[in-house]
Amino acid sequence: MTEEKDKYGKELDLAVRIVHMACSLCQKVQQRLISTASEQVLAKDDDSPVTIADWSVQAIVSWLLSEFLEGPNVCIVAEEDVQTLSKSDAAGLLAAVVNTVNECLVEAPKYGLQCPKKAPGTSKILEAISRCNSTGGPTGRHWVLDPVDGTLGFVRGDQYAVALALMEEGKLVLGVLGCPNYPMKKELLNYNHQSHQTMPKSPPPSDIWEKGCVMYARRGSAQAWMQPLIHGDSKFEWPNSARLIKVSPIDDPSLATFCEPVEKANSNHLFTAGLANSMGLKKQPIRVHSMVKYAAIARGDAEVFIKFARSGYKEKIWDHAAGVVIVEEAGGVVTDAGGRPLDFSRGLYLEGLDRGIIACSGPTLHDKIIGAVYASWDSSNL
């Protein structure tokens, strides 16, 4: 029994420390982005933004997992590649990534990890980023990483997340979600309330829970935890003021708060608005960038996250993996619109997804939403 209880304990401990480091890196980069011209923001092929933080976090996570746990053969499914960084006109961008990574690695002892004896150079950092080329699947062990989930929120000084999960033989076994801008007062969570403000330049507040956290869970534990971010000269010491989080007990749709993506490009707001109306959801939706929506469900700040993608959009596993584990272990339910669990074993995408994704605070509310989806579907133009 003890062996089962401790299973993945080492992996979870390391993953939590790594995500804390990544959050610190992101906060510094975001502060610089907000205070200067955003020449460090590029557009990917699908026009979504990518920043120095995306590549730097991917390099940090890859390097640390390889160094302290998995060795050079670590398998990581991740969003970014090195094509842009490797172009001849990207020397300045690449230099900024290398500097950012090394600035972060120097702080490793603060998180209970050793920093490298010699700062990794350009080739080592490119190697670490490009090592994240696993395509997942039903066999073996794969880490699933979204280095900066919600880059649009990140560049606006709004919500974003660092998401890391571990998958073994096609099944998720742990998830860690860093939410550096997550406010402890839930009414400040809504995108409409953000006014694109980022961290104040004044010293951090004395209350360690004021803003920012790391949430984590191990599959089968029936527990999800939240730690505050490390501020100033503080050092990370396990369990780092961790506290249990649980989903909301609300199961009446008229009292429920629901989240949906900010971006209209990959989500059908019209359908979800009609669905919410048919269920009697009276509150205005909270529109939030990134997997912070899963964090809101897990912490009990919202009860429902509905996402129905527009036709042709395919959901990627790194956009959901960490959040799903945490919500489910906090007592919530996550399925597709047909009520089936999400299948992370079929490669880079959530293949076979029935229409959309529904995450909510418990089975009673979930059943009501599934029923409303079936009732609304024929009359929708999704």
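What you see is a predicted model, and the numbers here were worked out from it, not measured in a lab. The analysis underlying the following values was restricted to heavy atoms, covering all of them including side chains, and did not include hydrogens, waters or symmetry mates.
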Side chains of [X] and [Y]: donor-acceptor distance under 3.5 Å anywhere?
{"X": "Arg340", "Y": "Thr335", "result": "no"}
{"X": "Glu168", "Y": "His142", "result": "no"}
{"X": "Ser290", "Y": "Gln159", "result": "no"}
{"X": "Asp301", "Y": "Tyr182", "result": "yes"}
{"X": "Asp81", "Y": "Ser130", "result": "no"}

| Would you say Gln223 has more than 12 foreign heavy atoms packed within less than 6.0 Å of its CD? |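 Yes, CD of Gln223 has more than 12 neighbouring heavy atoms, counting only those of other groups under 6.0 Å.
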
| query | Within a reach of under 6.0 Å around NZ of Lys124, are more than 12 heavy atoms found that belong to other residues, nucleotides or ligands? | reply |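 No.
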
I need the minimum non-hydrogen distance between [X] and [Y], along with the two atoms involved.
{"X": "Ile76", "Y": "Ser62", "value": "CD1-CA, 3.6 Å"}
{"X": "Met279", "Y": "Ala372", "value": "CG-CB, 3.2 Å"}
{"X": "Ala321", "Y": "Leu172", "value": "O-CD1, 3.6 Å"}
{"X": "Val373", "Y": "Ala337", "value": "CG1-CB, 4.1 Å"}
{"X": "Ala163", "Y": "Met291", "value": "CB-CE, 3.3 Å"}
{"X": "Pro147", "Y": "Glu80", "value": "CG-CG, 4.1 Å"}

Given the rule that I, L, V, M, F, W and Y join up when any side-chain heavy atoms are under 4.5 Å apart, are [X] and [Y] in one cluster?
{"X": "Leu145", "Y": "Leu14", "answer": "yes"}
{"X": "Ile230", "Y": "Val61", "answer": "yes"}
{"X": "Val325", "Y": "Leu353", "answer": "yes"}
{"X": "Ile297", "Y": "Ile250", "answer": "no"}
{"X": "Val214", "Y": "Leu12", "answer": "yes"}

Can you tell whether the side chains of [X] and [Y] come within less than 4.0 Å, N to carboxylate O?
{"X": "Arg219", "Y": "Glu328", "result": "yes"}
{"X": "Lys316", "Y": "Glu79", "result": "no"}
{"X": "Lys110", "Y": "Glu237", "result": "no"}
{"X": "Arg141", "Y": "Glu169", "result": "no"}

| Going through the distances and angles, do Trp143 and Leu164 end up as a side-chain contact (heavy atoms from CB on, under 4.5 Å)? | CA-CA 7 Å; Trp143 290 89; Leu164 182 61; 3.8 Å; yes

Value rounded to 0.5 Å, distance of [atom1] in [X] from [atom2] in [Y]:
{"X": "Phe236", "Y": "Leu229", "atom1": "CZ", "atom2": "CG", "result": "11.0 Å"}
{"X": "Leu25", "Y": "Ser56", "atom1": "CG", "atom2": "OG", "result": "5.5 Å"}
{"X": "Glu329", "Y": "Met215", "atom1": "CD", "atom2": "CE", "result": "14.5 Å"}
{"X": "Met167", "Y": "Cys75", "atom1": "CE", "atom2": "SG", "result": "10.0 Å"}
{"X": "Ile60", "Y": "Glu107", "atom1": "CD1", "atom2": "CD", "result": "10.0 Å"}
{"X": "Ile306", "Y": "Cys360", "atom1": "CD1", "atom2": "SG", "result": "8.5 Å"}

Donor-acceptor contact present, side-chain [X] to main-chain [Y], <3.5 Å:
{"X": "Thr100", "Y": "Ala96", "result": "yes"}
{"X": "Asp54", "Y": "Thr51", "result": "yes"}
{"X": "Asp146", "Y": "Ala78", "result": "no"}
{"X": "Thr257", "Y": "Ala302", "result": "no"}
{"X": "Ser234", "Y": "His231", "result": "yes"}
{"X": "Ser66", "Y": "Gly71", "result": "yes"}
{"X": "Asp336", "Y": "Asp354", "result": "yes"}
{"X": "Asn240", "Y": "Pro228", "result": "yes"}
{"X": "Asp252", "Y": "Ser254", "result": "yes"}

Check whether any side-chain heavy atom of [X] sits under 4.5 Å from a side-chain heavy atom of [Y], and report yes or no.
{"X": "Pro261", "Y": "Lys293", "value": "yes"}
{"X": "Leu105", "Y": "Pro120", "value": "yes"}
{"X": "Val97", "Y": "Leu85", "value": "yes"}
{"X": "Leu64", "Y": "Met21", "value": "yes"}
{"X": "Arg299", "Y": "Lys246", "value": "no"}
{"X": "Gln227", "Y": "His20", "value": "yes"}
{"X": "Leu342", "Y": "Val324", "value": "yes"}
{"X": "Val101", "Y": "Trp63", "value": "no"}

| What do the steps show when you test Arg218 against Glu11 for salt bridge (Lys or Arg N to Asp or Glu O under 4.0 Å), and what is the final call? | CA-CA 10 Å; Arg218 180 175 54 83; Glu11 290 88 343; over 6 Å; no

| field | Pair Ile18-Leu65, side-chain contact (heavy atoms from CB on, under 4.5 Å): steps then yes or no | value | CA-CA 8 Å; Ile18 289 173; Leu65 285 176; 3.9 Å; yes

| field | Derivation and outcome, side-chain contact (heavy atoms from CB on, under 4.5 Å), residues Asp149 and Tyr160 | value | CA-CA 6 Å; Asp149 182 45; Tyr160 65 98; over 6 Å; no

| request: Output, in order, the C-alpha distance, side-chain angles, deciding distance and verdict of side-chain contact (heavy atoms from CB on, under 4.5 Å) for Trp55 and Leu93. | output: CA-CA 10 Å; Trp55 287 299; Leu93 183 66; 3.7 Å; yes

| Looking at the rings of Phe305 and Phe258, which for Trp means the six-membered one, are their centres under 6.0 Å apart? | no

| request: Determine whether the aromatic ring centres of Trp238 and Tyr216 lie less than 6.0 Å apart. | output: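 Yes.
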
| query | Please walk me through it: do Lys28 and Glu103 pass salt bridge (Lys or Arg N to Asp or Glu O under 4.0 Å)? | reply | CA-CA 10 Å; Lys28 289 169 185 170; Glu103 278 177 12; over 6 Å; no

